[in-house]
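Contents: one structure, followed by commentary.
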Amino acid sequence: MTLEINSQSLVPPPVRAGDFRPAIEWAARRAEPLAIALFAVLVGLAIFSVFIAVLGKSPLQLFQLMYAGGFGSWFSIQNALSRAAPLLLTALCVALPARLGLTVIGAEGAVVLGGVAAAAIALPIFGLVPPLLLWIAMGIAAMVIGGIWIGLSGFLRHYRGVNETIASLLLAYIAIALMNQLIEGPLRDPASLNKPSTTPLSAEYMLGKIPGMDVHWGFAVGVVACIISYIVIEWTTSGFAARIAGGNMRAAQIQGLPVGRLIVGFTFLAGAFAGLAGMIEVAAVQGSANGSLAAGYGYTGILVAFLARHNPLAIIPVAILLGGIDASGGLIQRRMALPDATVLVLQGTLFIAVLFSETLYGRFKIFNPDLWKQPETSKGAA
Amino acid sequence: MTKLMSVTRRTFLKTSVAGAAGAALAPNAFFSTAMAQAALTVGFIYVGPKDDYGYNQAHAEGAAALKSMAGVTVVEEENVPETVDVQKTMESMINLDGATLVFPTSFGYFDPHMLAMAEKYPDVQFRHCGGLWQEGKNPMNTGSYFGYIGQGQYLNGITAGYASKSKKIGFVAAKPIPQVVQNINSFLLGARSVDPTITCQVIFTGEWSLAVKEAEATNALIDQGADVITCHVDSPKVVVETAAGRGAFVCGYHANQSPLAPEKYLTGAEWAWGNVYTDFVTKAQAGEKLGNFVRGGLKDGFVKMSPLGPAVSAEARTKFEATQADMMKGGFSVFRNGLKDNKGAVVVTADLAEDAIELESMGYLVEGVIGSTS
């Protein structure tokens, strides 16, 4: 969605004696996306309240439960963070290609195959190597396979003119079929009678919890991946080139930028992160690859990425917010006798509100220092 | 309890501390709640929607049976995936709702999810549907329950055998796993007890819930001449409606689907979880120990049949009722000595009663089933 190229820095410009103007302008520019996103969320919640009121339930009670279930206690916060962990990585799988102007929605396929690849590479070496080495091998296998899967969509887009949105979605179905074939066939643990799975990892080979928290290491990995992605996109020349290509593909080609390599490279990286999410599901949660890998994380990641406007750093709070909403969904079902779909309606309402809020950018003078000059000057300039 | 612990060997403790603590604490916890006449909070977790006309509805109906019991509060959550989500849902029920007895009803909730929570909350009782619990391997505050629903599919088969004119019946199956394979075989064997020339074509969709493929499979079976259809998928709704829409008879599964096809519905193999849950909760309220490995069939009230539909002939009704009465005595063998698989090999070498352990690792399709598990 964000196709504009900005070189705004995270760090405010140095304040020279008596001249606060650059710092104020910097703050105004940074405040715009925050304020608009917040406004969109509030509008979304307001629309949702009407929906709840129409159902004859109290929106106030609902929001109280949402707070209690998602963020109201240490247990609830950990619950939200656990659920956010896979979303951080799958959202990157959508956000990174989006900066190149590509809409990739097939992260689910990379998650599933990443998980299967991780489990497959663990089978022959499991027990022979120390846990750390096993995790590295699993991570690499998952990232390579996930990267190839999404990179294939990028490749088809650039070299064969195939729509990457459709290609990645269809590839996700192929991935799930491949997983079923593998875990019910060659990779199946004969002991898994009624739920076909690969041979499970034993406890000492499982990625544990972050010390002091009941949240597995996948969350930390996801946060690091978001920070790395931010650095790559904002602070490296390939990131800059990618943003130019995202702004105008033709212009980038005329400039001589390696557009094909950028597309394949960034879709590969995106798929690698989603593949890593699959590896973490296997190594930190499931212990084996099985049908539960296709839990929809790839699709929720689309929502997270769009809400974060494809900014890798913004993905972190948005994923936690959605993790919290998800965590509170159960409490809402149990206490208010509302169906599970309530939370989906809320997510959908927020999604639409944020999409519509895109039209608000650049409309408020307060966030646009370029419009702050005297009216007559600006008229003259125009 | 402290004394018991101090005399127990450390290595033994390591593996069984969770179970021992659970077993020792649980009656205490239940005793105190009973004394106070306070609520026993029971948590139910479903993998799909509660109104799916199938697997989840059967459990939700069972849970609903508890709601009229004095002192019992039921908390339910639907559409919970078999990921860290279900672990957190169990914890949330325990921490925020005070649940002390939890029923995670989906097969995939057991390992690692329920086992992890059982270790973390040794004074909460967990009972899982599917029959996976193993003594000595799994904690004592966990357990499993399951029913011999193959008996119901055999009775389905009897009504199908009488109703079929083409002598071809069809089965829409999710995955080629033992529980499903046993149902397919039982359905055919029931039909063959009426007419030994009947064949049953099976189509595996590969997923527990995949409406489009289920409709395609149903249509394909009918196109190939099958005139009675049954299934083993999470929600039989699509299969029942599609088959009845095409004019075929249907036998139900999991729950009663007769409202979806009142004219074409012969009967159905249903779970009777209300009995099972009522039994667990009554024991829990009385402070008794809950069973760890609980199973039963028609005789034990774990499984029941839908009322026979209008299309069932008098002859079929007589045979159905006679067989059902035999099954109610216990020990009825669906799988008999000398039974062959559909490749010609003899796979059963002794009459197997409903509780025979061999039935739980069944990988073959019997003679007369057209299809393959791989």
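Numbers restart at 1 for each chain; the letters A, B, ... are given by sequence-line order, proteins then strands.
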Q) So, are Lys88(B) and Glu77(B) salt-bridged, with charged N and O less than 4.0 Å apart? A) no
Q. Charged N to carboxylate O under 4.0 angstrom, Lys195(A) versus Asp111(B)?
A.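 Here Lys195(A) does not pair with Asp111(B) in a salt bridge, since their nearest N and O are not under 4.0 Å apart.
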Q. How are the rings of Trp133(B) and Phe293(B) set relative to one another: parallel (under 30°), tilted (30 to 60°) or perpendicular (over 60°)?
A. tilted
So, for [X] and [Y], which heavy atoms are closest and what is the spacing to 0.1 Å?
{"X": "Met179(A)", "Y": "Asn290(A)", "result": "SD-O, 3.7 Å"}
{"X": "Met336(A)", "Y": "Lys57(A)", "result": "O-NZ, 2.8 Å"}
{"X": "Asn185(B)", "Y": "Leu365(B)", "result": "OD1-CA, 3.4 Å"}
{"X": "Gly43(B)", "Y": "Ala99(B)", "result": "N-CB, 4.3 Å"}
{"X": "Arg127(B)", "Y": "Ser144(B)", "result": "CD-N, 4.4 Å"}
{"X": "Asp340(A)", "Y": "Glu78(B)", "result": "N-OE2, 3.1 Å"}

If we define contacts as heavy-atom pairs under 4.5 Å, which of [options] has the most with chain A?
{"options": "Asn95(B), Thr89(B), Leu132(B)", "value": "Asn95(B)"}
{"options": "Met93(B), Gln87(B), Lys120(B)", "value": "Met93(B)"}
{"options": "Ser92(B), Gly108(B), Pro49(B)", "value": "Ser92(B)"}
{"options": "Val74(B), Leu96(B), Val80(B)", "value": "Leu96(B)"}

Which answer fits [X], side chain, backbone, both or neither, if we ask what part of it has an atom under 4.5 Å from a heavy atom of chain A?
{"X": "Asp51(B)", "answer": "neither"}
{"X": "Lys50(B)", "answer": "neither"}
{"X": "Asp85(B)", "answer": "both"}
{"X": "Glu207(B)", "answer": "side chain"}

Select one option (side chain, backbone, both, neither) describing which atoms of [X] are under 4.5 Å from chain B's heavy atoms.
{"X": "Asp326(A)", "value": "side chain"}
{"X": "Ile176(A)", "value": "side chain"}
{"X": "Pro339(A)", "value": "both"}
{"X": "Asn180(A)", "value": "side chain"}
{"X": "Glu184(A)", "value": "side chain"}

Q: Name the member of Ser76(A), Ser82(A), Gly296(A), Gly291(A) that forms the most heavy-atom pairs with chain B at distances under 4.5 Å.
A: Ser82(A)
